[in-house]
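See structure below.
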Protein chains: 2
Amino acid sequence: MPEPRQRADAVRNRETVLDAAEELFTRAGPAGVSMNAVATAAGVGKGTVFRAFTDRTGLLQALAERRSAPLRRAVAEGAAPLGPGTPPRERVPAVLDALLTAKLDNQALYLALEEAGAASPYQSPSYAWWHGVLRDSLAELTDADRAGFLAHVLLAAVRADLVAHLAGAGRVPVAALRRRLAEYTESVLP
Amino acid sequence: MPEPRQRADAVRNRETVLDAAEELFTRAGPAGVSMNAVATAAGVGKGTVFRAFTDRTGLLQALAERRSAPLRRAVAEGAAPLGPGTPPRERVPAVLDALLTAKLDNQALYLALEEAGAASPYQSPSYAWWHGVLRDSLAELTDADRAGFLAHVLLAAVRADLVAHLAGAGRVPVAALRRRLAEYTESVLP
DNA sequence: TTGCAATACGGACCGACGGTCCGTATCTTC
DNA sequence: GAAGATACGGACCGTCGGTCCGTATTGCAA
């Protein structure tokens with residue numbers, strides 16, 4: 001598989017589009033980010049955007065990928081409390097807290113990503129990855145089936161729209177939210 | 001507020017549309033239910049649909065309202081284990097199980113409802129109602145803030161797309177799913 | 001350096017969707 | 001049965017995600 005090597009302008013444009021989209025997401029809400037708007041903001045034709053990312057979902061995923069890369073690396077190969085060596089009772093709460101924080105920091109992006117056209121978030125490879133991390137960790141504490149279910153339920157507790165609702169309606173301050181989540185997570189561990 | 005009395009054809013049409021939409025949802029997926037399709041299936045003009053329900057979200061809510069009316073009544077004023085007299089440790093799991101079952105039985109409808117255009121499900125009056133029920137019940141076991149948070153998290157565990165993912169990917173049989181949810185719910189109660 | 005594939009570019013174009021508008025038909029009231 | 005109020009239908013609109021193709025750029029080889 002020789003990986004047919006990309007043309008220089010293509011990779012340059014890909015980056016430009018990603019930057020423009022990121023900027024757009026923070027400036028306008030997720031609603032204001034149409035593919036056309038992204039293309040225009042990037043100073044590029046619409047076709048270019050679609051060639052680089054296939055479709056809207058692809059763009060969103062690429063964006064989230066880039067944004068969460070450090071966190072994912074920390075979880076995949078970092079030190080405690082996020083890294084793989086950490087005992088589950090410490091790691092699971094740490095991962096959830098990190099996810100909560102990430103979604104708070106990038107609300108618009110994650111909101112857009114979780115609707116993702118018509119496909120549920122549960123199709124995305126990214127979801128599968130996080131679910132796998134939690135499931136495997138939890139499997140040290142209980143049987144596999146229960147671990148899988150628990151992982152789903154825990155991730156549901158940090159879904160972008162719920163987080164946005166809790167934090168955004170101004171009801172719960174961030175610190176309190178994190179505390180609640182932590183105590184909840186703890187209470188769920190087998 | 002004299003409630004200006006509806007014309008006969010209007011109420012008749014409203015019912016017709018509701019029926020047609022319900023039928024459409026079960027026949028085609030949620031994707032296949034455009035407002036145009038609903039109008040056509042009801043043998044009615046598009047304008048009529050919009051006049052009766054304001055917008056797509058309105059139609060979906062009306063539909064869900066009608067479908068879940070018996071359950072809501074059972075919770076609001078019925079007997080144990082769903083009714084308001086029931087002690088929380090019995091009522092909360094019962095309500096969640098009932099919600100799980102409802103979503104399993106009407107996947108397409110609830111899926112469509114939870115995306116609901118662009119507004120998160122957390123805006124809908126129906127969500128607020130269910131959240132209130134759980135919150136109030138849980139408030140007998142713990143303080144108000146914690147009860148509110150717990151209610152959100154419990155509802156997140158029975159979100160339509162998660163339920164559809166678990167049951168629909170064929171992974172978890174319904175009986176097992178209900179059992180898992182029950183044991184999870186129990187473990188979360190303070 | 002130049003010639004020539006191969007590739008990417010841009011933006012006009014498409015079909016579908018949610019939602020609006022208004023001339024016409026139907027209902028209700030007196 | 002006449003007149004005023006209300007609802008009807010469907011043509012119409014703006015926008016969106018996505019496609020297509022003639023044109024411009026790039027990279028390799030001579």
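Atom set for the values below is all heavy atoms of this structure, side chains included, hydrogens, waters and symmetry mates excluded. We name chains A, B, ... by the order of the sequence lines, and we start the count at 1 in each one.
Checking D:dG17, D:dG9, C:dA8 against the side-chain heavy atoms of B:V44 singles out D:dG9 as nearest. Considering only the side chain of A:R51, C:dC9 comes nearest among D:dG27, D:dG9, C:dC9. Closest to the B:K46 side chain, of the nucleotides D:dT26, D:dC12, C:dT28, is D:dC12.
In this structure, CG of B:D55 is placed 20 Å from P of D:dG14, rounded to the nearest angstrom. Note: CZ (B:R5) to C1' (D:dT6) measures 13 Å, nearest angstrom. To the nearest angstrom, P of D:dT6 lies 17 Å from CG of B:N13.
Side-chain N/O atoms of A:R7 include none lying less than 4.0 angstrom from OP1 or OP2 on C:dA8. Phosphate contact (OP1/OP2 of C:dA8, side-chain N/O of A:Q6, threshold under 4.0 Å): present. An OP1 or OP2 oxygen of C:dA8 is reached within less than 4.0 angstrom by no side-chain nitrogen or oxygen of A:T48.
Contact detail for B:T185 and B:P93: the closest heavy-atom pair is CG2-CA, 3.9 Å.
A salt bridge links B:R66 with B:E15: the closest approach of a Lys/Arg side-chain nitrogen to an acidic carboxylate oxygen falls below 4.0 angstrom.
The number of heavy atoms from other shown groups lying within 6.0 Å of CZ (B:R72) is above 12.
Less than 6.0 angstrom separates the ring centroid of B:Y127 from the ring centroid of B:H152.
Of the two residues contacting DNA chain C, namely B:R12 and B:F50, the nearest-nucleotide position lying further toward the 5' end is that of B:F50. Each of A:G47 and A:N36 has a nearest nucleotide on DNA chain D; the 5'-most of these lies closest to A:N36.
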